[in-house]
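The next block holds one structure in the form of structure tokens; read it before the comments.
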Amino acid sequence: MTSPFVELVHAFSLRVGVRLPPDWANNVRADLSLDDQDALEELSAAVDWSPPALTTRKPKPQHFPFLAFTPSSGWGIADQWVDKDDLRILTAHGIVTTPWDEVSQLARPSFPASTMAPVNMRAFSIFAKALLGQRRLLVEATVATIVLNMIALATSFYSMQVYDRVVPQNGFDTLWVLTVGMVIALVVEFLLRTARALLVDREAGDIDAQMSEFFFARMQAVRLDARPSGIGTMAAQLRGLDQIRSMMTSASFFVLADLPFAIFFIFVMASIGGKAALVPLAIFPISLIAAYAFARLIRNDTNKAQENGNRKNGILVEALDAAETIKSNVGGWHMLSGWNRLVDRVHDHDQRVRRWSTIAGSTFGFLQQVSYVGVMVIGVSLISTGELTMGGLIACSIICGRINGPLVASLPNLVVQWGYTRSSLEALDHLLAMPTEHPDGTTPIRVSKIMPQIKLEAVTFKHRGARDGIDIPALNIPTGARVGLIGPVGSGKSTLMRVIAGLYRAQSGLVLINGVDIGQIAEADLRSQCCSIPQEYSLISGTLRENIVLGLPDPGDEAIMAVATETGLATVIQNHPSGLNLPIMEGGRGLSGGQRTLVGLTRAILAKPRLLLLDEPTANLDQETEMRVLSALFNAVEPDGTIIMTTHKLQLLRFVNDVVVMTGGKIVLNGPTNAVLEKLRPKPSGQTNPVAAPAPSAPTNRVS
């Protein structure tokens with residue numbers, strides 16, 4: 001059972017980008033309490049870390065988070081200042097606000113350097129580091145491998161003694177002594193082999209859990225604008241974890257660990273049979289060269305099979321997600337055609353892999369038989385000259401089988417497995433190469449309270465493969481502004497909103513909030529104070545309550561229902577027997593588009609953001625609900641907070657003070673709402689429409 005303090009330290013490690021191994025807290029006592037002020041020092045000593053780094057001065061916002069201890073709440077995570085004298089601390093009892101002078105200890109664990117997130121990561125190095133981190137596994141597996149190979153060697157000596165001493169002299173007493181010893185050795189071998197397999201399987205499960213957590217978190221950290229177009233294809237890349245785990249726990253992996261002993265056995269065989277050792281000495285490197293050649297031959301096909309398999313998974317996800325559209329438009333045959341093409345390609349490449357695997361199996365089997373025959377021929381000639389005994393020949397044949405038997409017989413399967421594993425590692429490398437919100441090795445700036453003054457300077461962005469995007473030379477949105485963003489379809493409104501939200505990274509130029517580059521602000525601080533509602537609000541599988549309070553401290557049923565009444569979501573809650581525990585399917589299935597929108601808007605009001613970005617959030621709502629919800633949303637944001645709303649409905653501009661007009665990815669008009677609407681009204685013939693003309697100068701004290 002894990003102590004609450006250990007869970008707290010683990011949660012803190014995830015916040016600061018540290019990846020602890022699954023068994024890092026094995027030596028920590030289970031009753032370590034959150035109320036024990038010395039718990040951090042005791043834990044550090046138990047896991048062999050350096051003493052924690054204590055902070056005595058008031059930290060600046062960019063220095064958070066810390067582990068904090070207060071007499072009233074015990075240990076928690078201090079993540080930001082609430083004001084100049086009060087800290088916000090996440091505790092087991094919830095979020096508390098504590099005066100600075102009541103904090104008894106503010107500290108950080110001294111995590112080992114090996115746990116820090118690596119820079120320029122590759123999937124193979126990450127798995128290798130995780131494997132090397134299991135020192136106990138490596139030591140025990142090494143000892144077991146040495147003992148197992150010594151027992152295998154003892155089998156050959158047993159046969160040699162039986163043929164050379166027992167048979168010629170009818171020495172049954174010697175036979176029984178040798179046999180008892182051999183039986184004991186075989187029992188030990190059985191137990192060791194089983195224990196090694198179970199040990200590696202267990203440790204591989206721990207490593208798999210650690211790697212799954214790491215790569216899932218990495219996938220979530222990838223910037224939205226950098227993600228591949230196929231969601232299913234991206235998800236399939238994570239399936240490579242199963243292939244790598246299979247490689248780590250397969251019998252072929254164990255045989256590969258026996259490779260160094262094959263060379264040792266050749267020397268042992270030479271000491272017994274002399275020239276007979278020349279046969280495995282020649283065949284063994286030939287087998288390894290053949291394995292390398294076959295691996296090169298199947299490499300391209302395993303890559304193609306993996307690539308098309310990922311695309312097949314993508315089309316499957318697409319077919320399930322867009323089932324209504326496909327059925328409504330008789331698109332089933334089109335999807336089936338694409339599916340069958342990918343299936344044919346996968347089968348074609350798999351067939352080539354199986355063909356080479358069959359040829360490899362036959363080749364290695366042939367080499368194994370040639371090795372046995374060669375040892376027999378040379379051995380017999382050595383017996384005829386008295387250089388080798390019959391028992392020595394039997395021992396040499398057993399040792400030769402040990403050199404070329406399990407290893408060579410497993411090479412075909414090992415070659416194929418490694419081919420697919422290599423493809424999986426390359427797919428994970430592509431995932432690691434995708435840019436994240438905050439690149440590894442950088443320290444984001446902590447901001448306790450965002451004053452949403454937004455400034456764009458020479459900002460450009462366009463989607464991959466697109467000819468045009470947005471091009472904003474300058475845009476200033478002051479704190480407390482209420483801005484409407486309008487323009488025709490495809491004018492770049494939604495893209496601009498995502499750039500302002502930090503969901504897309506500007507390809508050139510700067511997006512500043514309070515004069516700080518939005519890409520440098522800690523994601524937790526930005527997301528907790530900036531709420532973005534897209535056109536299509538998606539839900540996650542779980543309950544309605546979980547979706548409403550997603551990422552927020554649970555305010556309680558009373559507060560949720562109060563806001564739900566404002567938005568109209570209360571009707572959905574009250575009309576379902578499960579209430580707030582109403583089950584939500586993947587993507588929000590089970591609720592209408594309008595109901596899903598109400599869930600997102602309810603959460604936005606509960607979040608009380610400093611910056612609220614609304615991208616046509618009420619498109620699925622009727623006019624009465626739309627007006628009621630927008631009134632609640634605009635009232636939920638403090639006067640010094642900022643709201644930006646895109647819309648195609650001019651009547652909704654009553655909620656904003658300023659309007660920005662976009663066309664072709666550029667801002668062509670901005671200013672006070674009434675002034676902009678007046679310029680947008682149709683003009684008598686002969687006058688120029690300002691929407692098509694260059695933007696006029698805007699007042700300096702407003703959106704510009």
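What's counted below: heavy atoms across the whole structure, side chains too, no hydrogens, waters or symmetry copies.
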Can you check whether [X] reaches [Y] side chain to side chain, under 4.5 Å on heavy atoms?
| X | Y | result |
| --- | --- | --- |
| Val499 | Ile472 | no |
| Val489 | His648 | yes |
| Thr618 | Leu630 | yes |
| Arg603 | Asn547 | no |
| Glu566 | Thr602 | no |
| Leu653 | Val676 | no |
| Leu680 | Val659 | no |
| Met497 | Ile533 | no |

Any idea which heavy atoms bring [X] and [Y] closest together, and the distance?
| X | Y | result |
| --- | --- | --- |
| Leu8 | Ile77 | CD1-CG1, 3.6 Å |
| Gln595 | Leu569 | O-CD1, 4.2 Å |
| Ile605 | Ala636 | CG2-CB, 3.9 Å |
| Thr647 | Glu616 | CA-CG, 3.9 Å |
| Phe64 | Gln80 | CD2-N, 3.7 Å |
| Val549 | Pro555 | CG1-CD, 3.7 Å |

Within 6.0 angstrom of [X] [atom1], more than 12 heavy atoms from elsewhere:
| X | atom1 | result |
| --- | --- | --- |
| Gln651 | CD | yes |
| Lys58 | NZ | yes |
| Gln623 | CD | no |

Asp86 vs Thr97, test: side-chain hydrogen bond (donor to acceptor under 3.5 Å, both in side chains). Steps then yes/no. CA-CA 6 Å; Asp86 296 325; Thr97 301; over 6 Å; no
Would you confirm whether Thr673, through its side chain, and Val656, through its main-chain N or O, come within 3.5 Å as a donor-acceptor pair? yes
Side chain Arg610, main chain Glu638, donor-acceptor under 3.5 Å: no
Asp615/Thr646 under side-chain hydrogen bond (donor to acceptor under 3.5 Å, both in side chains): CA gap, chis, key distance, verdict: CA-CA 5 Å; Asp615 190 4; Thr646 70; 2.6 Å; yes
If you look only at pairs with a residue in residues 474-495, which of them pass as a salt bridge (charged side-chain N to carboxylate O under 4.0 Å, His left out), with sequence neighbours excluded? none
May I ask you to say whether Lys462 pairs ionically with Asp471, meaning some side-chain N is under 4.0 Å from a carboxylate O? no
State the [atom1]-[atom2] distance between [X] and [Y], to the nearest 0.5 angstrom.
| X | Y | atom1 | atom2 | value |
| --- | --- | --- | --- | --- |
| Arg505 | Ile518 | CZ | CD1 | 8.5 Å |
| Leu601 | Leu606 | CG | CG | 11.0 Å |
| Ile644 | Ile500 | CD1 | CD1 | 4.0 Å |
| Leu552 | Ile560 | CG | CD1 | 9.5 Å |
| Ser631 | Arg654 | OG | CZ | 6.5 Å |
| Leu612 | Met645 | CG | CE | 10.0 Å |

So among Leu456, Val483, Ile643, which one has a side-chain contact (heavy atoms from CB on, under 4.5 Å) with Ile477? Val483
Which residue is it: Pro452, Pro534, Cys530? I am looking for the one with a side-chain contact (heavy atoms from CB on, under 4.5 Å) to Leu613. Cys530
When the ring planes of Phe12 and Phe111 are compared, do they come out parallel, tilted or perpendicular, using 30° and 60° as the limits? parallel
Once you measure the plane-to-plane angle for Tyr504 and Phe461, does it fall in the parallel (<30°), tilted (30-60°) or perpendicular (>60°) bin? parallel
I'd like to check the side-chain contact (heavy atoms from CB on, under 4.5 Å) partners of Thr625; sequence neighbours left out, ordered by chain and number. Leu598, Leu621, Asp622, Arg628, Val629
Apply side-chain contact (heavy atoms from CB on, under 4.5 Å) to Thr55 and list each qualifying residue two or more places apart in sequence or on a separate chain. Phe66, Leu106
Which is it for Val661 and Lys679 under the side-chain contact (heavy atoms from CB on, under 4.5 Å) test, yes or no, and what are the steps along the way? CA-CA 11 Å; Val661 183; Lys679 293 179 180 179; over 6 Å; no
Run Met627 and Leu652 through side-chain contact (heavy atoms from CB on, under 4.5 Å) and show every step you take. CA-CA 8 Å; Met627 292 298 178; Leu652 298 185; 3.7 Å; yes
What's the verdict on side-chain contact (heavy atoms from CB on, under 4.5 Å) for Ile584 and Glu546, showing C-alpha distance, side-chain angles and the deciding distance? CA-CA 9 Å; Ile584 303 296; Glu546 290 171 344; over 6 Å; no
Verdict with supporting geometry, Leu475 and Val459, side-chain contact (heavy atoms from CB on, under 4.5 Å): CA-CA 9 Å; Leu475 178 64; Val459 169; over 6 Å; no
